[in-house]
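Each remark here refers to the structure printed beneath this line.
Convention: sequence-line order gives letters A, B, ...; per-chain numbering from 1.
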2 protein chains.
Amino acid sequence: MIQRNTRQRDTILAVLERAEGPLSAPELLCRAQQDLPGLGIATVYRTLKLLTEDGRVRSVNLDGESLFERADLPHHHHFACRVCGKVFDLDVCPLALPQGLAVPPGYLVEGHEVTLYGVCPGCSA
Amino acid sequence: MIQRNTRQRDTILAVLERAEGPLSAPELLCRAQQDLPGLGIATVYRTLKLLTEDGRVRSVNLDGESLFERADLPHHHHFACRVCGKVFDLDVCPLALPQGLAVPPGYLVEGHEVTLYGVCPGCSA
DNA sequence: ATCCCTGCAAACGATTTGCAGAACA
DNA sequence: TGTTCTGCAAATCGTTTGCAGGGAT
């Protein structure tokens, strides 16, 4: 649990606020260092872990790497561009029946993750 | 492209054949070493890469790690247990509309990945 | 006898952890 | 002032790569 407010935590949260999609820890570090040079990668990871435990941040797995986004975003999923590798938020959930899925009996579904792969507008030009 | 048949490649493929779900490279190594002690992790990765390029194996990303499965399996998705961490194959695609998704114009969808999270029968007991 | 393939070990990138000093409350 | 936090560096873990020897064709 987070117990104190610090410049690094404010900065990390601010970067997440203005992100256009989920960010990896190294990417987040890169952006945050523009506001707060000297910030260390360890602090980024420690802060992300605390924020996740606090329920303020959520992690999504994509293309083998962990990306982080604010947890207060409305339910959505992601689109990963095969060309430039960028990840975009989609404001739709293509999963028609979040619950009534035909899963074998005994499996308790608590959540789902949907990722679409393809080419983004910028790369298809 | 694979050009020669070797004991290690046969073994790796055999392990994938009898897997109940996608496997990570370290997990695959562990199982394969029971048939072929001395097998190295580098060979596992190199073989998986070649098999993927050959279209015989496919990789799925889940929980931040890359898992591998045979590419000749019918279209399906995965269920990841939050308790034991195991991944199971689901023989259904909960994605009702593989095509007509409400993605913003300009995005070309070439594929999708769906993962359900929850508790498996073994862990809910 | 080629030349591909393998094992070992070093290299790498992402993530975690130990430790001493810096900074909130 | 007392802890919590932070930065640095070392440690870990998954993955890749270089190299010399072994094996398939």
* Structure fact -> Rounded to the nearest 0.5 Å, the CG atom of A/Leu51 sits from the CG atom of A/Leu16 at a distance of 7.5 Å
* To do: Whole angstrom is fine here: how far is it from CD in B/Glu65 over to C1' in D/dT12?
  => 15 Å
* Asked: Considering heavy-atom distances to DNA chain D, does A/Thr47 or B/Tyr45 have its closest nucleotide positioned more toward the 5' end?
  -> A/Thr47
* Asked: Could you run down nucleotides 20-25 of chain D 5' to 3' and tag each one B, S or - for protein heavy-atom contact under 4.0 Å?
  -> ---BBS
* Asked: Can you check the B/Ile41 CD1 to C/dC8 C1' distance for me, whole Å?
  -> 13 Å
* May I have the distance from B/Gln33 (atom CD) to C/dT6 (atom P), rounded to whole angstrom? => 14 Å
* Asked: In Å and rounded to the nearest 0.5 Å, what is the CD1 to OG1 distance from A/Ile2 to A/Thr47?
  -> 6.5 Å
* Asked: Closest nucleotide of DNA chain D for A/Pro37 versus for B/Ser66: which of these residues is on the 5' side?
  -> A/Pro37
* Asked: What is the distance from CG of A/Leu29 to P of C/dG13, rounded to the nearest Å?
  -> 15 Å
* Whole angstrom is fine here: how far is it from CG in B/Asn61 over to C1' in D/dT15? => 13 Å
* Value rounded to 0.5 Å, distance of OG1 in B/Thr11 from CD in B/Gln34 -> 12.0 Å
* **Selected nucleotide, minimal atom distance to A/Arg46 side chain, candidates C/dG18, C/dG7, D/dT15** => C/dG18
* Phosphate OP1/OP2 of C/dA23 contacted by A/Gln8 side-chain N/O (<4.0 Å) -> no
* To do: Classify the side-chain pair A/His78/A/Glu69 by whether it contains a donor and acceptor separated by less than 3.5 Å.
  => yes
* Taking the six-membered ring for Trp, are A/His75 and A/His112 ring centroids under 6.0 Å apart? -> yes
* Taking the six-membered ring for Trp, is the centroid-to-centroid distance between A/Phe79 and A/Tyr117 below 6.0 Å? -> no
* Asked: Roughly how far apart are A/Cys30 SG and A/Leu23 CG, rounded to 0.5 Å?
  -> 10.5 Å
* Structure fact -> Picking from C/dG7, D/dT15, D/dT6, the nucleotide nearest the side-chain atoms of A/Thr43 would be D/dT6
* For the pair made of CZ in A/Arg9 and C1' in D/dT4, what is the distance, rounded to whole Å? -> 8 Å
* Tell me: CG of B/Leu48 to C1' of D/dT17, nearest whole Å? -> 16 Å
* Asked: Just how far, in rounded Å, is P of D/dC5 from CG of A/Leu51?
  -> 11 Å
